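Comments concern the structure below.
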Protein chains: 2
Amino acid sequence: MASQAPAPRTPLSRDRVLRAAVEIADADGLDAVTMRRIGDALGAEAMSLYYHVANKNDLLDGIVDVLMAELNEAVDRLTVVTDWKAAMRHRILTARAVLLRHPWAPRLLESRTTMRPAVVIYHDRLVGLMRSGGFSYDLAHHALHALGSRALGFSQELFDPADASPNPDADARMLADLAEQVPNLAGMLAEVAHDDPDSTIGWCDDQQEFEFALDLILDGLARLAAR
Amino acid sequence: MASQAPAPRTPLSRDRVLRAAVEIADADGLDAVTMRRIGDALGAEAMSLYYHVANKNDLLDGIVDVLMAELNEAVDRLTVVTDWKAAMRHRILTARAVLLRHPWAPRLLESRTTMRPAVVIYHDRLVGLMRSGGFSYDLAHHALHALGSRALGFSQELFDPADASPNPDADARMLADLAEQVPNLAGMLAEVAHDDPDSTIGWCDDQQEFEFALDLILDGLARLAAR
DNA sequence: TGAGTCCGTCTTACGTCGTAAGGCTGACTT
DNA sequence: AAGTCAGCCTTACGACGTAAGACGGACTCA
């Protein structure tokens, strides 16, 4: 029982660790990303990861880096448009398309507290577009705040996630119970159909809603920039 | 050593548990809110809490209820204004004032997945205001999405928290390192002073920035409503 | 008065997490 | 041939949420 094949396993690396983490997040969500689980995926022990990653926080930062690399690559591939507004719109919606491939991304980005270079660079390009459209630095600064996370392609919804209610009727039933307490919402929901099966991120934050809000803000900015 | 005073401690209750949890969050942040810590604060064991609270998730929901009760109370105290826009503005900024007393609130609200009645009721009143301003249900619905978490008085910032960089120069130094990679941001930051000591929630999401974005959206909505 | 019920609390214990401390091994120097 | 050290593993600790059930005292009903 001596001459077992010595298992020529590929050595670990920060890149492999991060990539494995992203795969786990894609498959089973952010909470499934644990050191032990990553270790398993790579055929190593959890503690071995610490040679390539300082700690869990650094790991999550690294995941953001991987994500943002994918996002920046997609966004930089875009053909140049002269109109700043169309360019920003396109850029942001492209970013959103990338995020839709990683449903865990909004939660992760919101939770991150450190500034990652790739995120900074992304916003720099947005400011560049606005400058090309005649924005003052001050207005561009305001614009970033107004867009908030929408600049990156998502917006946090209060009643959000897909994992909210196991049965889709639960929300409706609760609203029915509250009906006389919330007459305005009840009326609104009666009129606005919420059962769009194409709902992408969150409750009814689907593509149309995202674009509506985005255009509302871009139009407002355009008016201010034109003054 | 027999006749020790029998410690006439006040019995636990859901309300006491939730109130203790909020106090802990106010004092030491959301991560400090653990079952054992709440138990300590109440002179009880962690497991005793489970008689009054289903689980940790239910506890967090309960914290949201306490918070939103405080918020709704503050907001309903407002004097009636005929102008829907001024009323919404006032209402939202009042909500924000309450949230500023509980820095952990945005993170908690974002993380919550279940619909709490108090949150629903809050939004119902907003829709009511918009209806009074001539909004269609459809436009009011869009408006809620456009406002996002801003409707509740906060907006998530990508480079956010107070706990981000121990030394306030770290961010600036990193940007300096990236300077040639992010010329637009570097220019912007050189011009826009970010060292506002009154920064409230987050990096530079201070009151003026919040109001700028809020007014931008409200103005845009007003234009759409007027059509 | 005594037995049964049950509410409220505590005890003990399990499995999970992140990670500190240090041991082993094989490749590379010198 | 001896020493160094990068890379991985073993063991262990202290958090966490919480399942299972024991315990005590108040209450009900005979």
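Predicted model only: the values in this text are computed from it and were never measured. Below, read A as the first sequence line, B as the second, and so on, with proteins coming before strands; counting in each chain starts at 1.
For the pair Lys56(A) NZ and dG18(C) P, the computed distance is 4 Å after rounding to whole Å. Whole-Å rounding puts the Met35(B) CE to dC16(D) P distance at 11 Å. Distance CG (Leu42(A)) to C1' (dG7(D)): 14 Å, rounded to an integer number of Å. Protein atom CG of Asp31(A) is 12 Å distant from nucleotide atom C1' of dC17(C), rounded to whole Å. As a whole-Å value, the separation of Glu45(B) CD from dA19(D) P is 17 Å. In this structure, Leu49(A) atom CG and dA6(D) atom P are separated by 18 Å, rounded to whole Å. Spacing between atom CG of Asn55(A) and atom P of dA20(C) amounts to 8 Å, rounded to whole angstrom units. Atoms CZ (Arg14(A)) and P (dG7(D)) sit 14 Å apart, rounded to a whole Å.
The residue among Met47(A) and Thr34(A) whose nearest nucleotide of DNA chain C is located toward the 5' end is Thr34(A).
Relative to the six-membered ring of Phe210(A), Arg96(A) meets both conditions, a distance below 6.0 Å and an angle of at most 45° to the axis.
Side-chain N/O atoms of His52(A) include none lying less than 4.0 angstrom from OP1 or OP2 on dA6(D). Distances shorter than 4.0 Å separate none of the side-chain N or O atoms of Ser48(A) from OP1 or OP2 on dG7(D). The phosphate of dC8(D) (OP1 or OP2) has no side-chain N or O of Tyr51(A) nearer than 4.0 angstrom.
Comparing atom distances between the Tyr50(B) side chain and each of dT9(C), dG18(C), dG17(D) picks out dG17(D) as nearest.
Using modelled atom types, one finds a donor on one side chain and an acceptor on the other under 3.5 Å when comparing Asn57(A) with Arg112(A). For the residue pair Gln208(B) / His142(A), no side-chain donor-acceptor distance below 3.5 Å is found, with atom types taken as modelled. There is no side-chain donor-acceptor pair under 3.5 Å between Glu191(A) and His141(B).
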### Task
Any chance you could encode DNA chain C as dot-bracket? Rule is Watson-Crick or G-U wobble with both distances under 3.5 Å; [ ] for pairs crossing earlier ones, | for another strand.
.||||||||||||||||||||||||||||.
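Taking CG from Asp206(B) and NE2 from His145(A), the interatomic distance works out to 6.5 Å, rounded to the nearest 0.5 Å.
For the side-chain contact (heavy atoms from CB on, under 4.5 Å) criterion with Leu18(A), the lone passing option out of Asp61(A), Leu59(A), Asp65(A) is Leu59(A).
Using a 4.5 Å heavy-atom cutoff, the side chains of Arg89(A) and Leu214(A) are in contact.
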